[in-house]
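Structure first, commentary second.
Each chain gets a letter, A, B and so on, in the order the sequences are listed, and its residues count up from 1. The figures here come from the full heavy-atom set of this structure, side chains too, leaving out hydrogens, waters and symmetry mates.
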Amino acid sequence: MSSPERWSQPQPSGAPAATAAQPTAEQVIAGLRATSEGGPELVQLLTPEGERVDHPDFHLDITPEELRGLYRDMVLVRRADREANALQRQGQLGLWVPLLGQEAAQIGAGRALRPTDMAFPSYREHGVAWCRGVHPNEIVGMFRGVDHGAWDPVERRFHPYTIVIGNQCLNAAGYAMGQRFDGKVGDDNGEATMVFFGDGATSQGDVHEAFVWAAVYDAPLVFFCQNNQWAISEPTERQSRLPLYQRARGYGFPGIRVDGNDVLATLAVARWALEECRHGNGPVLIEAFTYRMDSHTTSDDATRYRLSTEVEEWKLKDPIERVKAHLSRNGFADHDFFDGVEAEADELAAVLREHCVNLPEPPPGRMFDNVYAEPSPALRAQQDEYETYLAGFAGGEH
Amino acid sequence: MSSPERWSQPQPSGAPAATAAQPTAEQVIAGLRATSEGGPELVQLLTPEGERVDHPDFHLDITPEELRGLYRDMVLVRRADREANALQRQGQLGLWVPLLGQEAAQIGAGRALRPTDMAFPSYREHGVAWCRGVHPNEIVGMFRGVDHGAWDPVERRFHPYTIVIGNQCLNAAGYAMGQRFDGKVGDDNGEATMVFFGDGATSQGDVHEAFVWAAVYDAPLVFFCQNNQWAISEPTERQSRLPLYQRARGYGFPGIRVDGNDVLATLAVARWALEECRHGNGPVLIEAFTYRMDSHTTSDDATRYRLSTEVEEWKLKDPIERVKAHLSRNGFADHDFFDGVEAEADELAAVLREHCVNLPEPPPGRMFDNVYAEPSPALRAQQDEYETYLAGFAGGEH
Amino acid sequence: MAAPTMDRSTDTPSAAPQKITMIKGLNQALRATMEADPKVIVMGEDVGKLGGVFRVTDGLQKDFGEQRVLDTPLSESGIIGTAIGLAIRGYRPVCEIQFDGFIFPGFDQIVSQLAKLHYRTQGRIKLPIVVRVPFGGGIGAVEHHSESPESYFAHTAGLKVVACSNPVDAHWMLRQAIECDDPVLFFEPKRRYHEKAELDPSIAPQPLFSSRVVRKGSTATIATYGPMVKTSLDAATAGAEDGLDLEVIDLRSLSPLDLAPVYESVRRTGRLIVVSEAPSEASITGEIAAKVQQECFYSLEAPVLRVTGFDTPYPPAKLEENFLPDLDRVLAAVDRSLAW
Amino acid sequence: MAAPTMDRSTDTPSAAPQKITMIKGLNQALRATMEADPKVIVMGEDVGKLGGVFRVTDGLQKDFGEQRVLDTPLSESGIIGTAIGLAIRGYRPVCEIQFDGFIFPGFDQIVSQLAKLHYRTQGRIKLPIVVRVPFGGGIGAVEHHSESPESYFAHTAGLKVVACSNPVDAHWMLRQAIECDDPVLFFEPKRRYHEKAELDPSIAPQPLFSSRVVRKGSTATIATYGPMVKTSLDAATAGAEDGLDLEVIDLRSLSPLDLAPVYESVRRTGRLIVVSEAPSEASITGEIAAKVQQECFYSLEAPVLRVTGFDTPYPPAKLEENFLPDLDRVLAAVDRSLAW
Ligand SMILES: Cc1ncc(C[n+]2csc(CCOP(=O)(O)OP(=O)(O)O)c2C)c(N)n1
Ligand SMILES: Cc1ncc(C[n+]2csc(CCOP(=O)(O)OP(=O)(O)O)c2C)c(N)n1
Ligand SMILES: [Mg+2]
Ligand SMILES: [Mg+2]
């Protein structure tokens, strides 16, 4: 990643450097999406082979029990994800947005959050939802078309999924400003907020404005960018010349790239970032370097635009396998444990399926509910008219 | 300006550094708007006292004649600016947006442009306009309310003034992409584009998106930010923690801070940046560190929100005085020259006044012209109806 | 910083009737709600030290501090977007958009989040956010400073949209808007900012989302709002000299529309002229015409006519007198209606 | 990259009549204009290698290269904003907005620049830009993927707005829109994307900004556009069984509206139903009602009625059948009109 340095020393106007070559495509891509390496800046605590490694800045003391918990989380959310994907294939959901491959990034981040913290997801954060106590059962409704989001965002401290790319970053910045205005920032008990978005989202104006606001108002906000290498069919180099964590450089807050397939590193970095925020040193940007193993959504076919070799390479870096290897190799978990988690996953999948296929259809009148907190007579009139019309059918009038 | 470094080394999560102090207000302000210093990164070639100084990266070979030309440009645009301001005070203009204090930034940038280059102004770039061959006469119409902009933007290669903050940056990025697509980039004869915006504008999403697009498409675009320290009543620290030229760091193109009250430094840096662009090494960000000596517009009263001491300090750094001192001290210009320029300025002001007060009122029908390139029958009908209505008055019908 | 108080009896800064400008009425409304509720905050460009370019927020930052009156970054999407987050956190933000033409960078947050989050969350998130917008022309300004974008918001389900026309309404309507649990787009007719009226705090205001007959009449009905209320009243006065007895209705609420008084009036007069500065195409004035021709089909003696800005971009200031409806254009429409 | 050719005789990819889907019709229109004019470029998210999420741009990048088919950053303001710059440079960009609900981040550039630059420069800058928007519901999608935002643009002077309803129109209208020197918002009814019709290149298209009677009838008139044309035709077919002889007009152009055929029809039938998926408040349907009640005042035997989406945010997919006008709601409105 030395290519950006080229730009840092402006050349004298008379010198021939004005014709200096562009960085080569290889240089750019190396910095953006090394399919096997995240570059030297990548924070990693657990290798793809399941070995613990040290990092000079980030440490994580973790008990075998906690490790098993993270493993369990990841297995369960993956299983729920696959089940939901299957439900879509079977016509039970209109759409599914898979998290496959991003379990470590999401569980690492989600488990770093405290109950008093707030989180603003994009639309793929089923793993973070899990950590916030939002059951997959509560998520499938919006993909089945029975609601636009079922959980209580205030009670769970987990905002509804946001589909318009980037919007949630500003909403999160405002929320985090409120945490500061409320005097909840400044010590170990401080609150913080984490907002999730993708590599593609970094191009949106709203994400930038959120950087500006969070920086200017010292908001306790962790920007958590899951760089899964793709924005539908577009690779990260369509969005940026530089690795995304470096975007923070221009705003005056830290940006860190973590191995998003390493749940331990993600947990450590996310915890540190949240600590910074709750103590008043926010915001912080984290780029979790990971990979979208499945298509963008069930409507997408990733084979149209990316090479299977790339997918194969990333398979070797699977976020769950490496924890499993680590647990096994160190005797932190035995067969019974792994079997138990499998059984739990089967159970979860069954519960999810059962719940999903039995979701009640919303009554037509629901359409008119909650447009306003204080009902509008004009809309009430529309509803009345529509219900009279429907009643006409019921009475066989038409 | 060492405070940002604090952020660059994340602390281990266990360490007490999580409670590291915020940067002090003084640190922030020092980086953002030293009222007397732009910081060590400031490129300067001519001191406020009129002495030439060297810069390791930027050189400028300039003849006395060229120096006199720059002086003349600045005096003339300042004079036109003051005359327009007076015209507003006398009720001849609805509004004026003064450039006072920003002459060097604008003439330096404007004179760096070649005729084949394109420029996209904000609304304060009367000095750049001058360099593009747009006479102040052509500018006052929009402030008198007779038109929305009178010059031919294609012929002059000077886009109309853009009032919605930040919009023009994307339009400029697109134009510059077009220069590249047209094969006009890559050698000494390459074309380039320069876009002008303020310190406040850096917070807008569009400016960020323009950074993204220009970077991703290697657009030959110079982002020229005139940091005049104020966005109406808001100082730069309401927009950023870091000096604005550093914003480029996160996008992978160079950002340079130049003394915007030093026409030589601005010219040198702008030329270098344009050279980079025309050779295919764009984009480049320039922050011209300058000061808005007058109120934001004639509708504004800057004494409500800023200290006169600040204004006094900046007076000592006047962009014209230092060139005058330099010319005099080195014998590059004599009394006759200075008198001649004064006379020219008087003449220009008189021409401007004469032109302005005699601008014909647009006929009512003008309102309907050029809404579409291919007229719409529906709008034509509205116009006909209105003209019939007006004719009724003329005929004394009503 | 003034100690905030929850005592509703101090709601009104002054209990005695006073003659105030619209700006003052708005300023006092902000002050009153801020005193009554510490969760009310004001945010926008230049609203702090400067007190806003129109001085509507004058003195508030001095008295309530920088945390309740925020001089924000120059970013309208940021203003709306962070206000949403602050509202979720329990605040009641009052956002100022500096001029009508600058609301568009914030349009996405308004349409995609502000209007929809309550619905999306089945009512779990409330967004008591007021977006104040000085709007309309008549002040000789440069481009983007004279627009009437209210129809965009009326077309957006989930928002409420109101426009005040005089200092007293401005005061009360703003207070009511801040107290409303829904997002309210609050349009202020900037060319009426300096007009004065007597604010008598002892006279209770009418409900926010209701229209009002401001002049009784029998010849024809004029329905209008914001800056055009005065124009229409002037037209009615002038028309009276020609023997026209015009009824004028100040719509006040643009979404939801409160058209019952309009229907009632049209059933009496048989004629309706809708007046607005905004271009007519796909607008609120079209909505009113569509509704009235349906509700009063058998009462109308002439079609509903509209007097509006033309379907052009806002023209250079020297042409705005031609662009904007004036007394003559209103009366000409009345004549046309009568001659139908 | 296929060698671009200026030879207009090769405009049509295939000279023989062929049965094509709307997607294919659009794709061929892009291909034809790109072959004819090297300045036509396509830009948007995922329009390149993927061919767009609906495959409308399928194969174009392969044949015309990355410089004419741009997979852009994820930034709608950027798409519109840079398209403007490219147009000033002489290009004719065709922008794809991936879904209706994602046009709002680009709204400011559309309203403040795209719509106004020609006017601002007294005609010196032309903006031959097409913004393609797959719009409307009926595909069971999640939020923001089923909206009908056309009224926002019809309300914006300086823009032209059209909506196609069938593969043949889709093809010709897109070609005409690209050839138009004004910015055109081009709405494509995504739920009709896969319907087929025969495209006979030898049949010349009618002018772009004109409406068309698609079914003659005498009982009542239905004016509609986009996805609701098929719904209305189905209603007419069903109504025929009950003895109703409904005339159906495909508006095609939403701004400017071409209402002459509607007036002519209403003068014959005395009744008009306007059908659209969009919420009605302050919309194009209101505009049509307002205009028709004025132009056909003495011909109307019942008020103009509207059958539209409700004034709510777009509901969850399981409710969209309730939200969207269907054959029954259209016929019920016809009944109401007849019973007036
Ligand atoms: C404003 C907006 N534009 C376009 C879309 C359509 N869209 C949905 S997801 C997506 C790609 C997002 O990529 P990224 O930010 O990397 O997130 P990921 O899906 O990879 O998690 C696009 C273009 C959208 N949802 N919102
Ligand atoms: C989108 C938008 N919001 C608000 C405004 C009102 N406004 C005009 S100039 C200005 C401040 C601009 O500051 P800066 O970018 O520093 O430029 P300067 O005026 O100092 O040259 C503001 C807020 C605007 N023109 N556009
Ligand atoms: Mg991604
Ligand atoms: Mg400034």
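At a threshold of 4.5 Å between non-hydrogen side-chain atoms, the residues B/Glu237 and A/Val216 do not count as touching. Counting heavy atoms from C-beta on, the side chains of A/His208 and B/Val207 never come closer than 4.5 Å. With a 4.5 Å cut-off on side-chain heavy atoms, A/Glu209 and B/Gln204 count as touching.
Between A/Asp218 and B/Arg241, the closest heavy-atom pair is OD1-NH2, 2.8 Å. Of all non-hydrogen atoms in A/Ser203 and B/Val212, the two that sit nearest each other are OG-CG1, 3.5 Å.
Residue-environment remark: CG (A/Asp187) exceeds the threshold of 12 foreign heavy atoms within 6.0 Å.
Cation-pi geometry between A/Arg247 and B/Tyr251 is satisfied (NZ or CZ under 6.0 Å from the ring centre, within 45° of the ring normal).
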For A/Arg238 and B/Tyr217, what are the C-alpha separation, side-chain angles and deciding distance, and is it a side chain to side chain contact (heavy atoms under 4.5 Å, CB included)?
CA-CA 9 Å; A/Arg238 300 298 336 131; B/Tyr217 288 98; 3.4 Å; yes
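When heavy atoms are compared at a cutoff of 4.5 Å, B/Ala248 does not approach chain A at all.
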